[in-house]
Protein chains: 2
Amino acid sequence: MSMDTKEAILSAARTAAQAHGYGGLNFRDLAAEVGIKAASLHYHFPSKADLGAAVAKRYWQDAAAELEAMRSELPDAADCLRRYPTIFRRSLENGNRICLCSFMAAEHDDLPEAVKKEVENFADINVSWLSKTLAAAGLTDLAKTEKHARAIFAAISGAQLLARSRADIAVFDELVSSYRETGFLPG
Amino acid sequence: MSMDTKEAILSAARTAAQAHGYGGLNFRDLAAEVGIKAASLHYHFPSKADLGAAVAKRYWQDAAAELEAMRSELPDAADCLRRYPTIFRRSLENGNRICLCSFMAAEHDDLPEAVKKEVENFADINVSWLSKTLAAAGLTDLAKTEKHARAIFAAISGAQLLARSRADIAVFDELVSSYRETGFLPG
DNA sequence: CCTCATCTATCTACCACTTGGTAGACAGTT
DNA sequence: AACTGTCTACCAAGTGGTAGATAGATGAGG
């Protein structure tokens with residue numbers, strides 16, 4: 001059964017793209033990582049654009065599932081918001097990588113259309129989860145909830161990026177702590 | 001005198017890298033933009049790493065000069081802070097580009113060592129200017145000034161990135177406005 | 001139970017194109 | 001005569017992608 005192979009490709013491609021971006025992805029290295037030949041990748045994903053879109057789609061789907069799970073497990077919305085940054089922290093822990101979609105946001109102009117769409121979806125599901133959770137926590141003026149949600153998402157993304165550029169997770173932690181001190185983020 | 005050529009190369013390379021990153025830079029397209037042949041680029045910059053480092057260095061030097069000029073022209077430190085985001089806004093206006101060093105921060109793992117150094121310098125001069133200006137404006141608890149400065153820099157970078165991914169400057173403006181409403185940024 | 005066709009997933013062997021980089025000729029200036 | 005800056009003409013390595021062979025599994029009909 002080679003459904004496992006397809007999964008292995010998606011997983012390895014996600015990891016590679018979090019370190020090198022869409023442009024930095026290449027079939028030979030990816031195939032070697034999975035343990036097959038480059039030509040075989042084209043059986044599962046006809047073109048690089050197909051692969052990129054599939055990886056980005058899976059990425060936001062996984063994120064959506066994880067956020068929903070957090071919301072179910074943690075009854076207090078404010079607790080969810082406190083934990084939110086740890087999702088981004090994990091990428092840094094995992095070999096100083098960053099969010100797939102932050103990298104792809106930078107590469108925006110060079111992405112195939114199908115990939116751009118999935119990148120947008122990632123931002124959307126984050127913002128909508130943050131909006132919902134901010135509202136549940138009653139932490140924001142209702143008219144500005146979504147605006148605030150977007151701001152949190154952007155600020156955390158920026159923190160992750162800056163931390164990567166120093167290859168230092170402590171930078172990320174300090175930034176999050178600063179967001180909290182200013183009351184911008186609950187904590 | 002071909003000192004002009006060197007300047008033209010640096011300028012074209014900066015623009016290209018703000019749209020496509022270090023990895024997306026290539027000698028042939030760059031040479032065509034400048035109006036010379038690819039081989040001639042190697043006369044001015046022996047290797048791509050040399051070019052990348054020179055571009056990033058010039059980038060933070062220009063930024064440092066502009067920030068100092070702003071500080072001289074605007075007597076009120078709080079006014080400087082209010083104007084700070086417009087520097088990042090300009091990249092977006094200029095063909096939906098982003099800060100060279102944000103792009104390169106994403107590409108961190110694939111950058112030559114010399115380029116990484118210059119990218120760090122850019123962040124450093126921004127943070128130190130922000131620290132100085134925050135202190136002068138008396139807006140922050142002194143012990144936390146630099147921490148707050150870093151947070152502003154990261155948040156603005158994130159806003160620029162998210163705006164690019166939507167190719168929409170209004171997104172940037174709204175994010176900055178949100179940072180102001182939360183009191184995170186003076187406005 | 002055997003056989004034959006089909007399907008699945010992989011392989012080897014290419015290909016055209018792009019990449020950063022080099023060698024050496026050349027013309028204009030000093 | 002030497003230096004400066006550009007050129008043409010290469011090159012080796014790497015890119016995404018294709019063609020076609022091949023081996024193993026699957027399933028239907030005799």
Side-chain angles (χ1 to χ4, degrees), chain A residues 1-57 100 103-104 107 109-116 118, chain B residues 1-57 100 103-104 107 109-116 118:
Chain A
M1 188 76 61
S2 117
M3 208 55 205
D4 293 333
T5 302
K6 199 160 189 171
E7 290 302 312
I9 295 169
L10 283 172
S11 169
R14 192 201 68 227
T15 304
Q18 284 183 257
H20 310 294
Y22 177 79
L25 260 187
N26 79 82
F27 280 62
R28 277 169 177 71
D29 290 352
L30 179 56
E33 184 73 29
V34 176
I36 60 176
K37 297 294 168 180
S40 304
L41 285 178
H42 289 282
Y43 174 78
H44 302 281
F45 304 97
S47 74
K48 187 177 177 179
D50 292 319
L51 173 62
V55 169
K57 182 175 187 175
L100 215 219
F103 211 137
M104 288 184 167
E107 293 175 299
D109 283 14
D110 297 320
L111 293 180
E113 214 55 46
V115 180
K116 281 184 203 170
E118 305 300 345
Chain B
M1 190 72 61
S2 114
M3 208 56 204
D4 293 334
T5 302
K6 200 160 187 169
E7 289 302 311
I9 294 169
L10 284 172
S11 170
R14 192 202 68 228
T15 304
Q18 284 183 259
H20 310 294
Y22 177 80
L25 260 187
N26 79 84
F27 279 63
R28 277 167 175 73
D29 290 350
L30 179 56
E33 184 74 29
V34 175
I36 60 177
K37 297 295 170 180
S40 303
L41 284 178
H42 289 281
Y43 174 78
H44 302 280
F45 303 97
S47 76
K48 186 177 179 178
D50 292 319
L51 173 62
V55 168
K57 182 176 187 175
L100 214 217
F103 211 138
M104 287 184 168
E107 293 176 298
D109 282 14
D110 297 321
L111 294 179
E113 214 56 45
V115 180
K116 280 185 203 168
E118 305 300 345

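Here is how names work: the chains are called A, B, and so on, in the same order as the sequence lines, proteins then strands, and each is numbered from 1.
- Between Tyr43(B) and dT6(D), a side-chain N or O to OP1/OP2 separation shorter than 4.0 Å is absent.
- In terms of phosphate contacts, Thr5(A) brings no side-chain nitrogen or oxygen within less than 4.0 Å of OP1 or OP2 of dA9(C).
- Distance CG (Leu41(B)) to C1' (dT22(C)): 14 Å, rounded to an integer number of Å.
- Of the candidate nucleotides dT8(C), dT6(D), dC11(C), dC11(C) has the atom nearest to the side chain of Ile36(A).
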Look for any protein N or O under 3.5 Å of an N or O in nucleotides 26-29 of chain C and output each such pair with its distance, or none.
none

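- Between Leu10(B) atom CG and Thr5(B) atom OG1 the span is 11.0 Å, to the nearest 0.5 Å.
- At whole-Å resolution of the value, CG in Leu30(B) and C1' in dT6(D) are 16 Å apart.
- When every heavy atom of Asp110(B) is checked against every heavy atom of Ala19(A), the shortest pair comes out as OD2-O, 4.0 Å.
- In this structure Pro112(B) satisfies the side chain to side chain contact (heavy atoms under 4.5 Å, CB included) test together with Tyr22(B), Ala49(B), Val115(B), sequence neighbours excluded.
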Side-chain donor-acceptor contacts of residues 28-36 of chain B below 3.5 Å, not counting sequence neighbours, with atom names and distances?
| unit_1 | atom_1 | unit_2 | atom_2 | d |
| --- | --- | --- | --- | --- |
| Asp29(B) | OD2 | Asn26(B) | ND2 | 2.9 |

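- Atom CD of Glu7(B) is separated from atom P of dG5(D) by 13 Å (rounded to the nearest Å).
- Here dG20(D) presents its C1' atom at 18 Å from NZ of Lys37(A), a figure rounded to the nearest Å.
- One finds no side-chain N or O of Ser40(B) lying less than 4.0 angstrom from the OP1 or OP2 phosphate oxygen of dG5(D).
- Residues meeting the side chain to side chain donor-acceptor pair (under 3.5 Å) test with Ser11(A), sequence neighbours left out: none.
- Under the salt bridge (charged side-chain N to carboxylate O under 4.0 Å, His left out) criterion, Lys116(A) pairs with Glu113(A), not counting sequence neighbours.
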Do any N or O atoms of the protein come closer than 3.5 Å to N or O atoms of nucleotides 15-21 of chain C, and which pairs are they?
| unit_1 | atom_1 | unit_2 | atom_2 | d |
| --- | --- | --- | --- | --- |
| dT19(C) | OP1 | Asn26(B) | ND2 | 3.4 |
| dG20(C) | OP1 | Leu25(B) | O | 2.9 |
| dG20(C) | OP1 | Lys48(B) | NZ | 3.2 |
| dG20(C) | OP2 | Phe27(B) | N | 2.9 |
| dG20(C) | N7 | Arg28(B) | NH1 | 3.2 |
| dG20(C) | O6 | Arg28(B) | NH2 | 3.2 |
| dG21(C) | OP2 | Lys48(B) | N | 2.7 |

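- Annotation: salt bridge (charged side-chain N to carboxylate O under 4.0 Å, His left out) contacts of Asp109(B) (sequence neighbours excluded): Arg164(A).
- Residues satisfying the ring pair (Phe, Tyr, Trp, His ring centres under 6.0 Å) test with Phe27(B), not counting sequence neighbours, are His42(B).
- In terms of the salt bridge (charged side-chain N to carboxylate O under 4.0 Å, His left out) criterion, Lys48(B) has no residue partners (sequence neighbours excluded).
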